[in-house]
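Working notes, beginning with the structure itself.
Keep in mind the model is a prediction, meaning the values are calculated, not measured. Order of appearance sets the numbers: ligands from 1, and atoms from 1 within every ligand.
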Amino acid sequence: MAWDFETDDEFAQQLVWMREFIDTQLIPLEPIYDRLPRDEWRVVEAHLQNQVKERGLWGVFLDPKLGGAGFGQLKLALMSEVIGRCMMSMGIFGVQAPDSGNMELLAHGATDEQKERWLWPNLRGEISSAFALTEPFFAGADPTAIGTTAVMDGDEWVINGHKWFITNASVADILLVFAETSPEGRPHRHASVFVVPTDTPGLDIVRDIATMAHPDVEFGRLGNHAELVFRDCRVPADHLIGQPGDGFVLAQQRLGGGRIHHAMRWLGQAQRSLDIMCERAVSRTSHGKVLGAHQMVQDYVALSHMEIQAARLLTFNTAWKVDKFGAAAVRADLGMIKAHVSKVVLAVLDRTIQVCGALGYSSDLPVESWYRNTRFGPIGDGPDELHKSVLARTLLKSYKPVDGWPSEHIPSRVPAAEAKWAELRDRAGVEESRT
Ligand SMILES: Cc1cc2nc3c(=O)[nH]c(=O)nc-3n(C[C@H](O)[C@H](O)[C@H](O)COP(=O)(O)OP(=O)(O)OC[C@H]3O[C@@H](n4cnc5c(N)ncnc54)[C@H](O)[C@@H]3O)c2cc1C
């Protein structure tokens, strides 16, 4: 089967424009981004977003057949790699998680009326959304076990439960809440997804959780992760997405593409980190030669480059497969790239810190904060162990058990080998050996 990762000239030009736009308009702001006045930033942000919209590059994660302006997963992978160079780019290009995944879910499951109310305003950037699945007292790795319930009462759903680590919930306008509606439907038909506006009575946004990315968390900032409690929180019947029991299938819709976007953004970050490592390696001297002349540092540079290149190809290949066969057909591949690339980026960041020494460990370089931010990778969107397990089970399905010796057992293969030898000798016309 032929693989083709080449893109047309017009799209290649778009990538060049993106790279230049990010390098000249966004990256220069990074050192002061956290202390920019929020109200002024919103005006500048809209100004930058308008330039992206004019280029036709806004919110392109959504497939045209779902009503979006997307170009398919392969092109999106190439874009995500450029976007990954700078964390603030996601919002400027309208592809930020969790909104992008939420919109994919709504595009698949919402009615036209629901799309008008929530999907299109979210896609235009007029409202923002969060996705509330994980709970403190049930393993997030196993969404078949959740404690949050939704019960029909008249023409309303009444939601009770406890969620946490809900990214952007403290700044979002709506939550997509995963709640159990029919326990008898376990494991995969028990839950449903509801849209809950964040000003709904009964929803308590308890706090934003301090994390290794933000140990001194300030409530209500983009990118925070909130703890939520639902106490008899009522939403109208038409806030259910899809049918009761569709939750699991809908939740899968938002995770597939998201894993490719994560993987490619991580690779963009890994490459920028490698650039920092290499610049240091050719600039600083130790024991009479530049760091890059020491073989162990060369190993860090070469290994990082090899891992990034291999991971890029793996991710492009998966994106290409999604475009060709659909996300459902390559579920194991999507988990594989997430589990693989999350390790590659952390390994490259770690080596960069090492090569930069104390400077690398300090906040004078961005790498330590990237490391802390990206450490969620092997945990979020389902832990990597789970994805590896799905991959292994998928691979194992195509193997059949054998009785006795393995089919590659050399002594057992000798009779067949001798028969094959006799056959080939006959066919080739080898004369009887005289010795
Ligand atoms: C930064 C960040 C943002 C997040 N944003 C959101 C969000 O917006 N919305 C949301 O709903 N959730 C969010 N989450 C939660 C995330 O999806 C969960 O953390 C993740 O699914 C793992 O669940 P858990 O934390 O409960 O870990 P657990 O399920 O308790 O698992 C803990 C560990 O046990 C091991 N383990 C678990 N199951 C298996 C298994 N089957 N096989 C082998 N090992 C296993 C793994 O090592 C795993 O890391 C976020 C998490 C982080 C860190």
Side-chain angles (χ1 to χ4, degrees), residues 87 90 96-105 122 128-148 159 161-180 187 191-196 198 203 205-215 217 221-230 241 247-248 250-256 258-259 261-262 265-266 269 332 334-336 338-339 342-343 345-346 369-394 396:
M87 286 207 181
M90 281 192 281
Q96 69 284 0
D99 297 80
S100 53
N102 292 340
M103 287 183 252
E104 281 189 60
L105 186 156
N122 202 176
S128 65
S129 59
F131 183 70
L133 166 62
T134 307
E135 305 191 357
F137 302 115
F138 291 85
D142 178 10
T144 64
I146 52 167
T148 300
I159 303 174
H162 194 166
K163 301 281 183 186
W164 85 327
F165 260 91
I166 311 310
T167 305
N168 288 350
S170 63
V171 292
D173 299 289
I174 55 167
L175 308 176
L176 269 59
V177 179
F178 196 82
E180 182 161 89
S192 308
V193 173
F194 297 89
V195 173
V196 179
T198 45
L203 165 61
I205 302 177
V206 180
R207 60 168 177 150
D208 275 333
I209 302 160
T211 64
M212 65 188 285
H214 297 111
V217 73
R221 287 196 73 132
L222 200 70
N224 284 353
H225 315 287
E227 180 177 348
L228 314 172
V229 174
F230 297 85
I241 304 298
F248 211 83
L250 287 171
Q252 289 297 331
Q253 301 290 356
R254 70 180 303 288
L255 293 175
R259 286 175 191 145
H261 315 163
H262 269 321
R265 283 196 295 261
W266 288 332
Q269 188 178 70
L334 288 164
M336 170 173 67
K338 190 267 188 183
S342 66
K343 296 289 190 304
V345 62
L346 288 174
S369 106
W370 293 345
Y371 186 90
R372 287 185 288 108
N373 268 291
T374 305
R375 181 58 186 84
F376 87 93
I379 301 170
D381 277 357
D384 285 358
E385 290 88 341
L386 207 64
H387 299 301
K388 287 193 270 189
S389 172
V390 169
L391 176 63
R393 281 185 275 131
T394 306
L396 290 170

>> Checking Phe194 now: which residues fulfil ring-ring contact (aromatic ring centres under 6.0 Å, His included) with it, not counting sequence neighbours?
In response: Trp157

> Quick check: does Leu386 get an N/O under 3.5 Å from an N/O on ligand 1?
Replying inline: no

> Do you see a protein non-hydrogen atom under 4.0 Å from atom 36 (N) of ligand 1?
Replying inline: no

> At a 4.0 Å threshold, what atoms of ligand 1 neighbour a non-hydrogen atom of Gly382?
Replying inline: 21 (O)

> Tell me, do Pro143 and Leu133 make a side-chain contact under 4.5 Å, heavy atoms counted?
Replying inline: yes

> Do His387 side-chain atoms and Pro378 backbone N/O form a donor-acceptor pair below 3.5 Å?
Replying inline: no

> Thinking salt bridges, do Lys338 and Asp384 make one under a 4.0 Å N-O criterion?
Replying inline: yes

> What is the closest protein heavy atom to atom 49 (O) of ligand 1, and at what distance does it sit?
Replying inline: Pro383 CB, 3.5 Å

>> Does only the side chain of His225 get under 4.0 Å from ligand 1, or the backbone, or both, or neither? Count heavy atoms.
In response: side chain

> What do you reckon, does Ala130 put a non-hydrogen atom under 4.0 Å from ligand 1?
Replying inline: no

>> Test your reading of the structure: does Glu135 have an N or O sitting under 3.5 Å from an N or O of ligand 1?
In response: no

> What residues, two or more places apart in sequence or in another chain, satisfy ring-ring contact (aromatic ring centres under 6.0 Å, His included) together with Phe248?
Replying inline: His188

>> For Gln269 and Thr374, which I'm curious about, is there any donor-acceptor pair between the side chains at under 3.5 Å?
In response: yes

>> Tell me whether the rings of His225 and Phe165 are parallel (<30°), tilted (30 to 60°) or perpendicular (>60°).
In response: parallel

> For atom 33 (C) of ligand 1, is the nearest protein heavy atom closer than 4.0 Å?
Replying inline: no

> Under 3.5 Å, N or O to N or O, is Gly140 touching ligand 1 that way?
Replying inline: yes

> So how far is it from Ile174 CD1 to Asn102 CG, rounded to the nearest 0.5 Å?
Replying inline: 7.0 Å

> Using heavy atoms and a threshold below 4.0 Å, how should the contact between Pro98 and ligand 1 be classified: side chain, backbone, both, or neither?
Replying inline: neither

> Which option out of Phe165, Phe376, Phe178, Phe138 puts a heavy atom nearest to atom 6 (C) of ligand 1?
Replying inline: Phe165

> Any sub-3.5 Å donor-acceptor pair from Lys163's side-chain atoms to Phe131's backbone N or O?
Replying inline: no

> For atom 45 (C) of ligand 1, which protein heavy atom lies nearest, and how many Å away is it?
Replying inline: Glu385 CB, 4.2 Å

>> Testing the 3.5 Å rule here: is there a donor-acceptor pair between the side chains of Asp99 and Ser128?
In response: no

> Any N/O of Ala141 closer than 3.5 Å to an N/O of ligand 1?
Replying inline: yes

> What protein heavy atom sits nearest atom 9 (N) of ligand 1, and how far away is it?
Replying inline: Phe131 O, 2.7 Å

>> Is there a polar contact between ligand 1 and Asp142, counting only N or O atoms under 3.5 Å apart?
In response: no

>> So does Asp208 get a backbone contact from the side chain of Glu227, meaning a donor-acceptor N/O pair under 3.5 Å?
In response: no

>> Which of the numbered atoms in ligand 1 are under 4.0 angstrom from any heavy atom belonging to Asp381?
In response: 17 (O)

>> Phe138 vs His162, test: ring-ring contact (aromatic ring centres under 6.0 Å, His included). Steps then yes/no.
In response: CA-CA 10 Å; Phe138 291 85; His162 194 166; over 10 Å; no

>> Considering non-hydrogen atoms of the protein only, which is the closest contact for atom 17 (O) of ligand 1, and what is the distance?
In response: Thr134 OG1, 3.5 Å

> Which residue and non-hydrogen atom of the protein lie closest to atom 8 (O) of ligand 1, and at what distance in Å?
Replying inline: Thr167 N, 3.0 Å

> Considering Ile379, Asn102, Leu133, which one's heavy-atom position lies nearest to atom 20 (C) of ligand 1?
Replying inline: Ile379

